[in-house]
S.K.: 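Sharing a structure below in C-alpha cells format, with a few things to ask.
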Amino acid sequence: MIRYAKPTTVDEALALLGEDRWRILAGGTDFYPAQGAKPFRDNILDINGLAALRGIAETDDHWWIGARTTWTDVVRHKLPAAFDALKAAAREVGSVQIQNVASVAGNLCNASPAADGVPALQVLDADVELRSAKATRYLPLGGFILGNRRTARQPGEMVTAIRVPRRSAVGTSVFVKLGARRYLVISIAMAAARLVIEDGVVADAAIAVGACSAVARRLRGVEAALRGQPVTGALADAVLSAPIDELSPIADVRGSAEYREHAAREIVVRAVRAATGPGDGKVAA
C-alpha cells in the first residue's frame, strides 16, 4: 500500500524519512511530468506544510535559503547585487505560475543538466544542508549534484536549506541563457558570472556554465584568466583564450556538442561584459 504523509514540522518529516523510503514532494511542478507513462508507486512525503523551510534570512556567516523557498520568493526578496544572477535565473524557471510554487531545493534535487538555478548558485559558492533524524551535513553544490538526475542525498535525508557564505555575496553578477526562443524554453547553454571589481581591475571572478555537461561546471581556468585584468574590452579576449577543460558538451535535440562548446564561450563573454556594464542577459539561438 502506498503511504502519503504531510508533516507539519521538520522533526516529524525526518522521523518519517528514517522509518521508510519516501519520494519527497515539494513544489510538485516536476512530479507528474517525471512519471511519464509509468506512475510512481513510491510513498509520498509532502513537505508543503513545513513553514520553517520557506524563506530567506541573513546570518553572521551566510545567507540562508530555505528548501521550500520559491523562485518568486527569490525574485521579491531584497538581496545584494551578487544575487542578481540568481534572480535572473529565477525568472527563467518555467512560467510565472511555475515560479510561484517551484522550490529552489527542488530545482537542485531534480538534478537536470539544464536546471537554471544551478550556475547562479555555483558562482555564489553555495552549499546544501542535508538533514536526517540523526545528523546534519553540508555539501558544496558541486559535490551534491553528481550527474544527470543523480545527487548525493542519502536514504533518510532531506535537503533543508541552501547556504551562501557572506564572503561570496559580494560583487555583481549576471545570468545569460541561450535558448531557441525567448520565453518558456529549456536552455541550450547558460552562464553565470560574478565579478568583484576594485579600482578598475577584476579582483575576483566566479564563472559557471550549465546545460553544456551532465552537471553545471565552474570554469576555473576562465576565472584565473580574468583575475587581475583591467576592466577593458580585453576581458573578452581573456575569456576566449582561457582553457575550458571542465566542460564535456552534450548533444541532444536542442544543439550539438560542437555548437554548445562554441556557445559556452560566447555567452560567458556576454555575461562578463554585462557584469561590468548594462545588458539584458537573454540570447536567442
S.K.: To the nearest 0.5 Å, tell me how far Ser248 OG sits from Arg260 CZ.
M.R.: 12.5 Å

S.K.: Just jot down the side chain to side chain contact (heavy atoms under 4.5 Å, CB included) partners of Asp46, sequence neighbours excluded, or say none.
M.R.: Tyr4, Lys6, Leu25, Asn48

S.K.: Among pairs that include at least one residue of residues 53-71, which meet salt bridge (charged side-chain N to carboxylate O under 4.0 Å, His left out), considering only residues two or more places apart or in two chains?
M.R.: Arg54-Asp73, Glu58-Arg166

S.K.: Any side-chain to backbone donor/acceptor pair from Arg265 onto Val239? Under 3.5 Å, distance only.
M.R.: yes

S.K.: Roughly how far, to the nearest 0.5 Å, is CH2 of Trp71 from OG1 of Thr29?
M.R.: 11.0 Å

S.K.: Mind checking whether Asp116 and Phe175 have side chains closer than 4.5 Å, heavy atoms only?
M.R.: yes

S.K.: For the residue pair Thr72 and Gln99, confirm or rule out a side-chain donor-acceptor distance under 3.5 Å.
M.R.: no

S.K.: Which residue pairs pass the salt bridge (charged side-chain N to carboxylate O under 4.0 Å, His left out) test when at least one of the two sits in residues 230-245, sequence neighbours left out?
M.R.: none

S.K.: Taking the side chain as C-beta and beyond, is there a heavy-atom pair between Leu108 and Val118 under 4.5 Å?
M.R.: yes

S.K.: Output the distance between atom CZ (Arg21) and atom CZ (Arg3), rounded to the nearest 0.5 Å.
M.R.: 14.0 Å

S.K.: Step by step, work out the side-chain hydrogen bond (donor to acceptor under 3.5 Å, both in side chains) result for Asp84 and Thr172.
M.R.: CA-CA 7 Å; Asp84 284 355; Thr172 58; over 6 Å; no

S.K.: Walk me through whether Asn43 and Arg23 qualify under side-chain hydrogen bond (donor to acceptor under 3.5 Å, both in side chains).
M.R.: CA-CA 6 Å; Asn43 297 325; Arg23 182 176 293 272; over 6 Å; no

S.K.: Taking Arg194 for the side chain and Ser168 for the main chain, is one N or O donor matched with an acceptor at less than 3.5 Å?
M.R.: yes

S.K.: Can you tell me if Thr70 and Asn100 form a side-chain donor-acceptor pair at under 3.5 Å?
M.R.: no

S.K.: Roughly how far, to the nearest 0.5 Å, is the OG1 atom of Thr136 from the CD atom of Glu129?
M.R.: 6.0 Å

S.K.: I'd like to know if Arg218 pairs up with Glu223 as an ion pair, taking the criterion as any Lys NZ or Arg NE/NH1/NH2 lying under 4.0 Å from an Asp or Glu carboxylate oxygen.
M.R.: yes

S.K.: Within the 4.5 Å heavy-atom criterion, are Ile162 and Leu124 side-chain neighbours or not?
M.R.: no

S.K.: Would you check, one step at a time, whether the test salt bridge (charged side-chain N to carboxylate O under 4.0 Å, His left out) holds for Arg131 with Asp11?
M.R.: CA-CA 10 Å; Arg131 288 182 60 186; Asp11 286 343; 3.7 Å; yes

S.K.: Working to the nearest 0.5 angstrom, can you tell me the gap between Asn148 CG and Leu146 CG?
M.R.: 11.5 Å

